**Student:** 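Okay, handing you the structure first.
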Amino acid sequence: MNSVNKTLYIPLYGKAYVSRKDIILKDVKAEEICEKEQFPLKGKAKSKWLAYYMAMRARVFDDWTSEKLTEYSYALVLHIGCGMDSRVLRVKHTECMWTDVDFPQVIDERQKYYTETENYKMLGADTSKTDWIEGLPASDCAVILLEGISMYLTNEQVSGLFKALENKYDRVHILMDVYTDFGAKASKYKNPINDVGVTKVYGVDAPEEVLDGSSIMFLKEHDMTPENLVNELAGFEKRFFKIMFAGRTAKKMYRLYEYLKK
């Protein structure tokens, strides 16, 4: 795998770590894959603090997806940049179609652990381009997850992705995490992705920056580290995490935005 693809092991490790501790997120599939792959993460990529952060981010995405499917049970769920994530197993869904998308090399790895069904498909595609979107299943509503991917795309590429999605679907719900410009610049010096060889990432300082005339609109900002999840930590770990990862400093670097086309 190239360096960007290898970043998928960082959140995977984090989810497996907290799952074994039985806090924040239960992810048996992450435990299984980490046990079998034994990918040699090092340095900050194996930090327990990062593991807590990655797991909280995943849980927020899970809960948001569940909320949307409660309202739109027939929606297409599109997880762009899925890596080895098992959200399709963690989130209850019955009527909806679900498509996980990542680079072809990642999907090849993913197919070792996941099996397609009538309602669940995996698609290998270069997500910096948009030609693959036209071939996605039809739906009146699309619930789109962009978790841990926007920072590897330029603002123009994200904007192009939004435009292609709004042209494909009548109603679009998007949840996307982003680095700020400051966070992207700081990542050059202190970021776990450096430990797997990634040195170039991009930031979004205002949620409207990626819209560029799109009919998709910014709806609201979400908390990446909600108090109920932070409270699953205890003692010193909870106090330290609140200061370092759930306060103002963290928000200067990393944000979570929801978008809507209706």
Side-chain angles (χ1 to χ4, degrees), residues 1-16 19 25-34 36-37 39 54-66 68-69 75-93 96-133 135-137 139 142-153 157-158 161-162 164-165 168-169 172-178 193 196 198 201 224 256 259:
M1 287 192 184
N2 64 30
S3 57
V4 171
N5 291 345
K6 289 177 183 177
T7 61
L8 66 86
Y9 288 106
I10 299 174
L12 185 71
Y13 170 82
K15 284 173 278 193
S19 185
L25 185 80
K26 192 61 183 174
D27 196 334
V28 176
K29 182 62 74 172
E31 294 182 49
E32 174 194 345
I33 297 172
C34 280
K36 289 185 178 179
E37 292 294 331
F39 187 79
M54 293 287 96
M56 288 184 197
R57 181 184 75 176
R59 174 67 182 277
V60 170
F61 271 84
D62 282 4
D63 291 348
W64 181 83
T65 305
S66 295
K68 296 305 172 191
L69 289 180
L76 167 73
V77 177
L78 183 61
H79 186 174
I80 302 175
C82 60
M84 302 295 273
D85 184 79
S86 70
R87 180 162 295 117
V88 67
L89 303 179
R90 297 194 304 267
V91 172
K92 291 182 180 179
H93 60 286
C96 77
M97 294 287 293
W98 190 303
T99 300
D100 281 336
V101 183
D102 214 311
F103 286 108
Q105 192 176 17
V106 174
I107 295 299
D108 287 345
E109 290 295 309
R110 185 176 177 85
Q111 287 173 336
K112 297 177 184 178
Y113 295 97
Y114 297 88
T115 302
E116 291 188 329
T117 67
E118 184 178 350
N119 288 343
Y120 172 63
K121 304 298 179 183
M122 291 176 278
L123 175 64
D126 181 350
T127 52
S128 68
K129 300 178 174 61
T130 61
D131 54 319
W132 54 273
I133 290 175
L136 289 171
S139 179
V143 174
I144 298 162
L145 312 169
L146 290 160
E147 180 186 7
I149 185 174
S150 72
M151 52 286 301
Y152 306 113
L153 303 173
Q157 287 171 332
V158 174
L161 193 59
F162 277 27
L165 290 167
K168 176 72 176 178
Y169 299 107
V172 177
H173 296 265
I174 299 173
L175 190 63
M176 179 176 74
D177 59 324
V178 303
I193 61 176
V196 292
V198 175
V201 292
M224 199 100 65
L256 181 59
Y259 297 87

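Basis for what follows: all heavy atoms, side chains included, without hydrogens, waters or symmetry-related copies. As the structure is a computational prediction, the values presented were derived from the model and not from experiment.
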**Student:** What's the spacing between M54 CE and Y13 OH if we round to 0.5 Å?
**Tutor:** 13.5 Å
**Student:** List the steps, then state whether side chain to side chain contact (heavy atoms under 4.5 Å, CB included) holds for F61 with H79.
**Tutor:** CA-CA 10 Å; F61 271 84; H79 186 174; over 6 Å; no
**Student:** Are there over 12 heavy-atom neighbours, none belonging to K121, within less than 6.0 Å of that residue's NZ?
**Tutor:** yes
**Student:** Going through the distances and angles, do D27 and L89 end up as a side chain to side chain contact (heavy atoms under 4.5 Å, CB included)?
**Tutor:** CA-CA 9 Å; D27 196 334; L89 303 179; over 6 Å; no
**Student:** Between M151 and D177, is the side chain to side chain contact (heavy atoms under 4.5 Å, CB included) condition met? List the steps.
**Tutor:** CA-CA 8 Å; M151 52 286 301; D177 59 324; 4.0 Å; yes
**Student:** Partners of R110 by salt bridge (Lys or Arg N to Asp or Glu O under 4.0 Å), sequence neighbours excluded?
**Tutor:** D100
**Student:** For M224 and V60, which heavy atoms make the closest approach, and how far apart are they?
**Tutor:** O-CG2, 3.8 Å
**Student:** Quick check: do L165 and T130 have side-chain heavy atoms less than 4.5 Å from each other?
**Tutor:** no
**Student:** If we ignore angles and hydrogens, is there a donor and acceptor under 3.5 Å between the side chains of T117 and N119?
**Tutor:** no
**Student:** Evaluate the salt bridge (Lys or Arg N to Asp or Glu O under 4.0 Å) criterion for residues D85 and R87: first the C-alpha distance (whole Å), next the side-chain angles of each, then the deciding distance (0.1 Å), finally the verdict.
**Tutor:** CA-CA 6 Å; D85 184 79; R87 180 162 295 117; 3.7 Å; yes
**Student:** Side chain to side chain contact (heavy atoms under 4.5 Å, CB included) between Y152 and V201: does it pass, once the steps are laid out?
**Tutor:** CA-CA 5 Å; Y152 306 113; V201 292; 3.9 Å; yes
**Student:** Ring-plane angle category for F162 and Y259, please: parallel below 30°, perpendicular beyond 60°, tilted otherwise.
**Tutor:** perpendicular
**Student:** From D63 CG over to R90 CZ, what is the distance, rounded to the nearest 0.5 angstrom?
**Tutor:** 10.0 Å
**Student:** Are the side chain of Y169 and the backbone N or O of V143 linked by a donor-acceptor pair below 3.5 Å?
**Tutor:** no
**Student:** Given 3.5 Å as the limit, does a donor-acceptor pair link the side chain of K112 with the main chain of I33, or not?
**Tutor:** no
**Student:** Determine whether a donor-acceptor pair (N or O, by modelled atom type, separation under 3.5 Å) exists between the side chain of K26 and the backbone of S19.
**Tutor:** yes
